[in-house]
Amino acid sequence: MDLKNSETIVFYGCNPAWASAGSRTWNFMHNKKNGKTQFIVVGPSYNATAATFEAKWIRVRPGTDTAFLLGVAYEMLALDEAEGGIIDWDFLDKYTVGFDADHMPEGAKLNENFKDYVLGAYDDTPKDAEWASNICGTPVEDIRWYAGEMRKDKAVSILHSYAHARNKNAEDIPQLFMTIGCMGGHMGKPGHSCGAAYGTDAGNCGPALVTVGSAGLPPAPANECDLRLNGPTMWQSILTGKANNNADYYARRYTAADIRDVNVKMMYWDGDARLQTSPDLVNGIKVMRQLEFVCTNAQFLTTQARYSDIVLPVTTMWERIGGFSPYSNRESLFVYSQVTEPLYEAKDDVDICRGILEAMGMGEKADEIWPISKEQQFFNQLAGCKVINADGTDYVPLLTITQADIDERGVEGTPQEGVVDLKTFIEDGCYTVPRKEGDPYGFISYQDFIEDPENNPRPSASGKFEIYNDWKADTLNSMGYSPDGTFKPYPTYTVSPEGYETTFKDGIIGGEPGEYPFIVYNPHYLRRSHSVFDNCPWLRETWPNPVFLNKEDAKAKGIKTGDTVKVYNAHGAILRTASLTGIIMPGCVGVPHGSWIDYDDENQVDRGGADNVLCGPVISGMGVTGYNNYNCNYELYDGEPLVPDVEKPQRIIEL
């Protein structure tokens, strides 16, 4: 409801029309209908969201968002000095620390601040629009225009997804994104916001108005393993037998000296797609082949299942007693029901775990973990569902449950009165809290802090938004992935180990192109959700999964739409059909995320177009998983052209 008050809505690194389709994107349509909202899309392509909302496209190369936002900060300062009305100085004074020398936190270790850094006081390099444009590729006039749109007297919602944080050297992005929001005072007020617009929270965040009950199981036993591998270097750690332990950097700082011996003998995969969706996929497959044993729970022959010794078939939601979708929204609760008995030998994950424990002679542990039946667990969830009351002050039972309902399910329980009867809820499959203008269910992030900061402090040391934070700098610098002192307590620009600068041979922007002169990034794609559904023929027919190339770049290489192209770098090579377009920045290559690998061992190339073949074990900072700013090159493929994905056989084992 409050989104309607926004005069400007920014989709930063966002494409909700693809990644948060349906009702989540519909939340923004109210603003388009009023015809008064300025939409802005920031990223390397004019995506479907930009087209849907007729947005102003602000071009930013993948992995260069820190430079862009620093340029925005500089130009906001310059505009404010020239004409006023841009920066909310009262907001910065009251709710933040570290913006300038007069607002440093108590006990600050460094006599530096964000404003003076941006103005060039420490390195004689003002972070102005010209400086930023040279790195991020955004026209100077667009940086200045964007800075003007962030002005304090406009109701601005600056909304991000995760693309700009899924880059190497993205560690300063969250703090810098927040800083821009603070400079305009875009927090805690109607029509103003600064935060995530992702998945279930796309344009509609806040406490859930309807909630699911507890299954009634005891807490899970503690995991006694204190070793956690860094995601991008996981396969390298297993291959080399050495790993930096990243178990819990919030509890204590891990340093380069925290190298642990790793001796992995087996891998057990359950409900994820870690092999397919982690960087360094080729080495991941190498690890799978060299381990003594690999077992996977799977519903389909996914990448993990394909490289396993044993695949345990798992039931789908349609074969289970029932349950709740974790992907609802704050106003809705979705429930699913069993429509068929488990097919063939499929079992659900709990029964598989029980069977393994019993085979290990630990059957009593299974009874400790799951002391009640699945039917009872599902009923407990149903009976415990709560919904907000009419005045928004408390929660009441959602479901009316009779003794007949309890007897029919063969469970233990107590009849209760609720808003909707159990049978109707199950048959409808959902319940949605009705909303209307002026209802008591609205939510504005940080509103309590903005209205009364003394009694509602932030959970930081200062109780405020920290534009300067020693803990952040100390933690990142201690990880051992970057030279000591790389990170400041405030956001700064650092060069990524792979990124725009390294597209040049000597690392100097504007110099001779390097071996891999393009940046490859991985947009989400409507054919699948991450890697889920990629084996579905109808979706393969509808969405062919090409590689997106800037048309001028491709024409210079003699490539046209429909050609088979080899995209390659130091980490691997893939084949894809070219799609030339004018809506992607020059120097950028878009490989859709999640395509199932079809690796040709003989020619060392993936014919499936898996994005993580091109993403390697390159890290810096705190070891962030960077998918979107690897270097690459591409060329017309001189071998057998690709057949359309829909014509390839499905991965099905005939028994």
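Treat the numbers as computed from the prediction; the structure is a model and nothing was measured.
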Interatomic spacing from [atom1] in [X] to [atom2] in [Y] - rounded to 0.5 Å:
{"X": "Arg651", "Y": "Trp596", "atom1": "CZ", "atom2": "CH2", "answer": "5.5 Å"}
{"X": "Asn167", "Y": "Thr64", "atom1": "CG", "atom2": "OG1", "answer": "8.5 Å"}
{"X": "Ile574", "Y": "Leu281", "atom1": "CD1", "atom2": "CG", "answer": "11.0 Å"}
{"X": "Trp235", "Y": "Ser278", "atom1": "CH2", "atom2": "OG", "answer": "6.0 Å"}
{"X": "Cys615", "Y": "Asp280", "atom1": "SG", "atom2": "CG", "answer": "9.5 Å"}
{"X": "Arg354", "Y": "Lys347", "atom1": "CZ", "atom2": "NZ", "answer": "12.0 Å"}

Flag if over 12 foreign heavy atoms under 6.0 Å of [atom1], [X]:
{"X": "Glu515", "atom1": "CD", "result": "no"}
{"X": "Lys557", "atom1": "NZ", "result": "yes"}
{"X": "Met266", "atom1": "CE", "result": "yes"}
{"X": "Ile652", "atom1": "CD1", "result": "yes"}
{"X": "Gln650", "atom1": "CD", "result": "yes"}
{"X": "Gln290", "atom1": "CD", "result": "yes"}

As a quick check of understanding, evaluate side chain to side chain contact (heavy atoms under 4.5 Å, CB included) for Met585 and Tyr521, giving each step before the final call. CA-CA 11 Å; Met585 289 182 72; Tyr521 71 103; over 6 Å; no

Between Gln304 (side chain) and Leu275 (backbone), is there a donor-acceptor pair under 3.5 Å?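 The answer is yes, because a donor-acceptor pair under 3.5 Å joins these two groups.
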
Any side-chain to backbone donor/acceptor pair from Tyr198 onto Ala202? Under 3.5 Å, distance only. no

When you check the gap from the basic side-chain N to the acidic O, do [X] and [Y] get nearer than 4.0 Å?
{"X": "Asp474", "Y": "Lys109", "answer": "yes"}
{"X": "Glu498", "Y": "Lys168", "answer": "no"}
{"X": "Arg274", "Y": "Asp270", "answer": "no"}
{"X": "Asp638", "Y": "Lys566", "answer": "no"}
{"X": "Lys488", "Y": "Glu112", "answer": "yes"}
{"X": "Arg289", "Y": "Asp601", "answer": "yes"}

Contact between [X] and [Y] at the side-chain level, heavy atoms closer than 4.5 Å - yes or no?
{"X": "Ile356", "Y": "Tyr268", "value": "yes"}
{"X": "Trp269", "Y": "Cys295", "value": "no"}
{"X": "Asp600", "Y": "Asp606", "value": "no"}
{"X": "Asn169", "Y": "Pro497", "value": "yes"}

How close do [X] and [Y] get, heavy atom to heavy atom, and via which atoms?
{"X": "Cys588", "Y": "Pro44", "value": "SG-CB, 4.4 Å"}
{"X": "Pro62", "Y": "Asn629", "value": "O-CB, 3.9 Å"}
{"X": "Val565", "Y": "Val547", "value": "CB-CG1, 4.5 Å"}
{"X": "Leu614", "Y": "Val567", "value": "CD2-O, 3.6 Å"}
{"X": "Gly594", "Y": "Asp611", "value": "N-OD1, 3.1 Å"}
{"X": "Ala132", "Y": "Gly71", "value": "CB-CA, 3.8 Å"}

According to the interplanar angle, ranging from 0 to 90°, do the rings of [X] and [Y] count as parallel (below 30°), tilted (30 to 60°) or perpendicular (above 60°)?
{"X": "Tyr634", "Y": "Phe518", "answer": "tilted"}
{"X": "Tyr500", "Y": "Phe504", "answer": "perpendicular"}
{"X": "Tyr493", "Y": "Trp131", "answer": "perpendicular"}

Would [X] count as a cation-pi partner of [Y], with NZ or CZ less than 6.0 Å from the six-membered ring centre and within 45° of the ring normal?
{"X": "Lys472", "Y": "Phe487", "value": "no"}
{"X": "Arg59", "Y": "Trp57", "value": "yes"}
{"X": "Arg528", "Y": "Phe533", "value": "no"}

Report the C-alpha separation of Asn113 and Tyr122 in whole Å, then their side-chain angles, then the decisive distance to 0.1 Å, and conclude whether the side chain to side chain contact (heavy atoms under 4.5 Å, CB included) test is met. CA-CA 10 Å; Asn113 63 82; Tyr122 309 129; 3.5 Å; yes

Quick one: do Thr49 and Trp18 satisfy side chain to side chain contact (heavy atoms under 4.5 Å, CB included)? Show the steps, please. CA-CA 8 Å; Thr49 299; Trp18 276 15; over 6 Å; no

Working for side chain to side chain contact (heavy atoms under 4.5 Å, CB included), residues His524 and Asn15: CA-CA 8 Å; His524 283 267; Asn15 190 7; over 6 Å; no

With distance as the sole criterion, is a donor-acceptor pair present between the side chains of Asn631 and Thr502 under 3.5 Å?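 Side chains of Asn631 and Thr502: pair found under 3.5 Å.
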
Looking at Arg607, Arg576, Lys648, which one forms a salt bridge (charged side-chain N to carboxylate O under 4.0 Å, His left out) with Asp598?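 Testing each of Arg607, Arg576, Lys648 against Asp598, the sole residue satisfying salt bridge (charged side-chain N to carboxylate O under 4.0 Å, His left out) is Lys648.
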
For the pair Asp470 and Tyr468, evaluate side-chain hydrogen bond (donor to acceptor under 3.5 Å, both in side chains) and give the outcome as yes or no after the intermediate values. CA-CA 7 Å; Asp470 280 317; Tyr468 176 107; 2.8 Å; yes

Is there a ring pair (Phe, Tyr, Trp, His ring centres under 6.0 Å) between Phe177 and Tyr12 once you walk through the steps? CA-CA 10 Å; Phe177 197 91; Tyr12 200 112; 5.6 Å; yes

Begin with the C-alpha distance, continue with both residues' side-chain angles, and end with the deciding distance and a verdict on side-chain hydrogen bond (donor to acceptor under 3.5 Å, both in side chains) for Ser531 and Asp534. CA-CA 6 Å; Ser531 64; Asp534 195 55; over 6 Å; no

